[in-house]
Amino acid sequence: MAAYLTAFAEIFEPLNFLMMIVCVVVGGILGAIPGLSGGLGITLILPLTFALDTNLSFIMLVAMYVGGVSGSFIAAVLLGIPGSAASIGTCYDGYPMTKKGKAGKALSIGIFGSLIGNLGGGIVAIACTKYIADLALLLGPWEYFSLCLMAITMVIGLSNGSIYKGLLAAFFGFFLSTIGADMVTNQLRFTFGNTNLYGGINVVVLLMGTFAVQQVATSYAKGQTDMPPVDAEGLSGFGLKAKDFTDNMQTIVVSLLIGLFIGFLPGMGSGISNLIAYGQAKNMSKHPELFGTGYDPGIWATEVSNNAGVGGALIPMISLGIPGDATTVLLLSGMTIHGLQAGPMFIKTNPDMAALILLTLLISAIAIALIELGTKKWFPLLLKTPFHYLFGAILVISFMGAFSSTTSMFSVYLVLGFGVLGIMMDYFKMPATPLMLSFILGSKIESYFRMGVSYAKGDYTSFITRPISLIFLVIAIGSVVVPPVMKALKNKKAAKAAQ
Amino acid sequence: MNKLNRTYVMGIVFLLLSAFVVWQTGMVPERLVSNEPGPRFFPYMSAAGMTVFAILSMIFDGPKDKGNQYLDKAGWKRLILILVEGLLFCVMMQYIGFWFAAMIGIVMFVLTLKGDKKVNMVTVIVLAVVLGSVCYFGFTRGFHIPLPSGSLWKALGIKML
């Protein structure tokens with residue numbers, strides 16, 4: 001407790017507090033711009049922290065992290081283009097809600113969803129860091145493989161159209177993830193002698209192509225010349241009523257737990273948790289058919305879970321020294337710069353620093369929520385920008401984002417190629433989400449599978465003989481088999497009733 | 001394009017892709033590290049999955065596909081136009097650098113995306129110059145993230161900002 005009081009006093013030192021606000025705002029802006037992220041902000045300020053006080057450095061780094069994840073919903077809601085992989089799921093209901101003229105409500109759900117996710121994740125991280133980290137150590141490559149597989153099949157269950165097209169998209173995503181050097185033997189696969197492909201395809205490049213370029217090109221081709229109208233309702237004040245929270249309480253709680261769980265698994269992160277939470281919310285819902293049409297629980301699920309992932313990702317970082325996601329890798333680098341050794345002894349040897357990191361998470365979350373609430377009425381000004389100006393600028397920024405992620409012109413051409421792929425998928429009515437998720441998880445699935453087989457000395461049955469792995473696999477199979485069976489039974493029942 | 005069954009087209013495209021993946025995977029040298037499936041295993045699995053679900057989709061989704069129109073003729077023309085402009089922008093970015101390409105690109109995209117609407121050319125040019133410059137100098141000077149400076153200028157020996 002004393003450590004938290006000390007940390008509280010430290011955060012509210014005038015300079016520290018000011019820098020926390022600056023970083024949380026900059027992180028929010030970077031997160032809101034498609035192709036950029038809070039991770040970029042951390043990369044940029046990391047060298048600065050060499051010269052700064054350790055406490056101030058971590059206040060700035062954590063604030064940037066929180067701001068980046070929290071701000072990513074803004075572009076997803078207003079433009080249907082995710083600010084980062086953390087808000088892919090937010091596009092599915094956020095943008096349709098904006099198209100209905102309810103941008104204010106969608107933004108409010110995004111703000112409060114982010115706040116609840118961050119606070120919930122932070123509080124659990126404070127209370128249970130030690131115990132949850134112990135649990136993570138029980139899982140091996142077999143369980144991680146099965147869990148990743150389960151994540152994908154659960155998301156395929158949320159595909160509005162055909163489950164076969166969802167699975168086809170997922171296997172195509174797997175294939176894309178195999179491009180580049182094989183991680184075990186370093187053999188090159190599908191690179192065709194092109195050195196730009198040796199490292200594989202960058203996720204930002206795929207995102208910019210299949211979302212941004214596809215969105216602009218198909219909107220223009222379909223004759224859209226205006227942005228959606230904006231209803232003034234919900235743009236000032238909280239924008240939500242108590243009923244909005246109580247009606248969605250189950251979705252909020254489940255998504256919080258999913259975000260935390262996925263967040264604390266090494267190598268996973270908000271980019272994955274938001275899609276799993278969205279799939280779960282749809283599976284639990286009494287009205288799954290409303291998902292994708294601008295339905296509140298769709299936004300609650302993704303925004304609560306991706307922000308809960310921040311607290312979740314800090315748990316293994318602090319207690320095991322294992323990064324929960326790509327951004328916590330950068331935070332770990334920051335710790336190394338300042339001579340701190342994350343791991344099982346960290347909480348005992350540096351209780352003040354552990355408390356400072358976790359408390360900064362909570363206070364930054366409240367700060368960004370208040371700032372977003374205060375400035376929310378100006379966000380939809382973006383939608384008042386004429387279609388041709390806004391989408392013209394988005395195209396240029398998307399290509400720039402792809403280049404800045406890889407510093408390769410090849411990636412810029414690849415964005416265009418993936419734009420064509422996105423258009424083809426739209427034409428074939430194939431869902432893009434399974435493709436994205438299996439692409440993000442593909443290399444992990446392959447790596448865990450090969451590690452699992454190797455550790456078990458070539459025994460492929462180890463995935464089903466380990467109980468936790470088996471449970472994940474059963475859920476994985478059930479999530480693709482049960483929905484069509486239930487649908488067939490329902491249709492049969494309806495046909496019988498009609499006779 | 002109007003009566004084309006898109007599911008069948010999709011199935012054929014992915015069957016061809018699967019065959020290509022199998023062919024290319026066979027060319028990956030198989031250097032097995034003890035007791036592990038090797039670098040060919042997952043590409044083969046991907047190809048197998050694509051084949052199975054392309055066929056299943058053709059069988060079960062194909063008959064339901066009514067061959068509805070995706071875009072009219074004018075829509076296809078607009079789609080091709082914006083993609084060609086995208087390609088032109090990429091080429092400009094490579095040869096004349098991001099700064100100039102962004103300024104020209106924004107003008108080009110805005111004039112295309114406006115459709116039948118009237119735009120003030122002064123506003124378009126000011127937007128192009130301001131946004132192009134803010135992005136270029138913000139990234140290269142502010143964030144120290146390099147953006148393409150243009151291979152043409154390099155070849156001509158001209159040093160860009």
Side-chain angles (χ1 to χ4, degrees), chain A residues 40 44 161-162 164-165 167-168 170-172 174-175 178 182 184-185 187-190 213 216-218 220-223 225 386-389 391-393 395-397 399-400 403-404 407 409 412-413 415-416 419-420 423-424 426-430 442 445-446 449-451 453-454 456-458, chain B residues 6-7 9-10 14 21 24-25 28-29 31 33-39 41-43 45-47 49-50 53-54 56-57 60-61 70-71 75-76 78-79 82-83 86-87 89-90 93-94 98 102 105-106 109-110 112-117 119 127 131-132 135 139 143-148:
Chain A
L40 171 68
L44 294 172
S162 153
Y164 304 116
K165 288 185 180 177
L167 284 160
L168 180 58
F171 276 100
F172 183 51
F174 275 139
F175 161 66
T178 62
D182 166 44
V184 179
T185 60
Q187 291 295 332
L188 296 174
R189 298 184 295 195
F190 314 108
V213 173
V216 175
T218 51
Y220 172 62
K222 287 175 182 172
T225 53
F387 170 83
H388 40 281
Y389 288 126
F391 276 34
L395 272 181
V396 170
I397 291 170
F399 287 116
M400 181 186 73
F403 184 89
S404 63
T407 58
M409 263 317 292
V412 178
Y413 289 104
V415 166
L416 198 63
V420 174
I423 294 164
M424 280 174 68
D426 190 40
Y427 176 78
F428 293 144
K429 294 181 193 164
M430 278 173 82
I445 287 190
E446 182 176 8
F449 182 80
R450 290 170 70 174
M451 267 198 281
V453 174
S454 183
K457 296 189 172 122
Chain B
R6 290 186 231 163
T7 304
V9 177
M10 177 202 73
F14 277 94
V21 171
Q24 281 293 315
T25 305
V28 176
R31 282 187 204 157
V33 177
S34 62
N35 297 319
E36 74 101 19
F41 185 80
F42 260 76
M45 285 289 115
S46 310
M50 284 194 284
F53 292 109
L56 285 175
S57 185
F60 292 104
D61 304 328
Y70 180 67
L71 291 172
W76 284 108
R78 283 196 294 268
L79 185 66
I82 196 75
L83 290 175
L87 180 63
F89 175 74
C90 296
M93 203 167 151
Q94 182 170 4
F98 178 80
I106 290 170
F109 291 135
V110 170
T112 302
L113 294 171
K114 78 177 178 59
D116 299 331
K117 287 184 178 170
V119 290
L127 174 83
L131 187 67
C135 286
F139 266 64
F143 294 155
H144 298 286
I145 296 172
L147 287 175

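Keep in mind the model is a prediction, meaning the values are calculated, not measured. Here is the naming used below: chain letters follow the sequence lines, and residue numbers restart at 1 for every chain.
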(request) Search all heavy atoms of A:Phe399 against all heavy atoms of B:Met93 and return the closest pair with its distance. (result) O-CE, 4.0 Å

(message) Could you measure the distance from the OG1 atom of B:Thr25 to the CZ atom of A:Phe175? Nearest 0.5 Å is fine.
(response) 7.5 Å

(message) So that I know where these two stand, are B:Phe42 and A:Phe449 an aromatic pair - ring centroids less than 6.0 Å apart?
(response) yes

(request) Kindly give the heavy-atom pair with the smallest separation between B:Cys135 and A:Ile397, and that separation in Å. (result) SG-CG1, 4.5 Å

(message) Just so I understand: if I count every heavy-atom pair under 4.5 Å between each of B:Asp61, B:Leu83, B:Val28, B:Val119 and chain A, which residue has the most?
(response) B:Asp61

(request) To the nearest 0.5 Å, tell me how far B:Met50 CE sits from A:Phe174 CZ. (result) 11.5 Å

(message) Quick check on the interface: out of A:Thr178, A:Val396, A:Asp182, who has the most heavy-atom pairs with chain B under 4.5 Å?
(response) A:Val396

(request) Grab the two heavy atoms, one from B:Ile145 and one from A:Ser404, that are nearest each other, plus how far apart they are. (result) CG2-CB, 3.6 Å

(request) Could you grab the distance from atom CE of B:Met10 to atom OH of A:Tyr427, nearest 0.5 Å is fine? (result) 11.5 Å

(message) Just so I understand: if I count every heavy-atom pair under 4.5 Å between each of B:Leu131, B:Ile82, B:Val110 and chain A, which residue has the most?
(response) B:Val110

(request) Using non-hydrogen atoms and a 4.5 Å limit, figure out which bit of A:Met451 sits close to chain B: side chain, backbone, both or neither. (result) neither

(message) On a heavy-atom basis, which atom in A:Phe403 and which in B:Leu147 lie closest, and how many Å separate them?
(response) CE2-CA, 3.6 Å

(message) Does any backbone or side-chain atom of A:Tyr220 lie under 4.5 Å from a heavy atom of chain B? Answer side chain, backbone, both or neither.
(response) both

(message) Assess, by modelled atom type and distance only, whether the side chains of A:Lys165 and B:Thr7 contain a donor and an acceptor separated by less than 3.5 Å.
(response) yes

(message) Need one label for A:Ile423: side chain, backbone, both or neither, based on atoms under 4.5 Å from any heavy atom in chain B.
(response) both

(message) Looking at chain B, which one of A:Leu395, A:Thr407, A:Val415 has the largest number of heavy-atom pairs inside 4.5 Å, strictly under?
(response) A:Leu395

(message) For B:Pro39 versus A:Arg189, what's the shortest heavy-atom pair and its separation?
(response) O-NH1, 2.8 Å

(request) Quick one: pull up CD1 in B:Ile106 and NE2 in A:His388 and give me the separation to the nearest 0.5 Å. (result) 13.0 Å

(message) Please report whether the ring centroid of B:Phe60 lies less than 6.0 Å from that of A:Tyr164.
(response) yes

(request) Using a cut-off of under 4.5 Å on heavy-atom pairs, state which of B:Gly86, B:Gly132, B:Gly115, B:Gly105 scores highest against chain A. (result) B:Gly86

(message) Checking A:Asp426 against B:Tyr70 for the side chain to side chain contact (heavy atoms under 4.5 Å, CB included) test, could you report, in this order, the C-alpha distance in whole Å, the side-chain angles of both residues, the deciding distance, and whether it holds?
(response) CA-CA 9 Å; A:Asp426 190 40; B:Tyr70 180 67; 2.5 Å; yes

(request) Against chain A, label B:Leu127 side chain, backbone, both or neither, depending on which of its atoms sit under 4.5 Å from a heavy atom there. (result) side chain

(request) Over all heavy atoms of both residues, which pair between A:Arg450 and B:Pro37 is shortest? Give the atoms and the distance, please. (result) CG-CD, 3.7 Å

(message) Among B:Met45, B:Arg78, B:Gln24, B:Lys114, which residue has the highest count of heavy-atom pairs closer than 4.5 Å to chain A?
(response) B:Arg78

(message) Using modelled atom types and a 3.5 Å cut-off, is there a donor and acceptor pairing between side-chain atoms of B:Arg6 and backbone atoms of A:Phe428?
(response) no

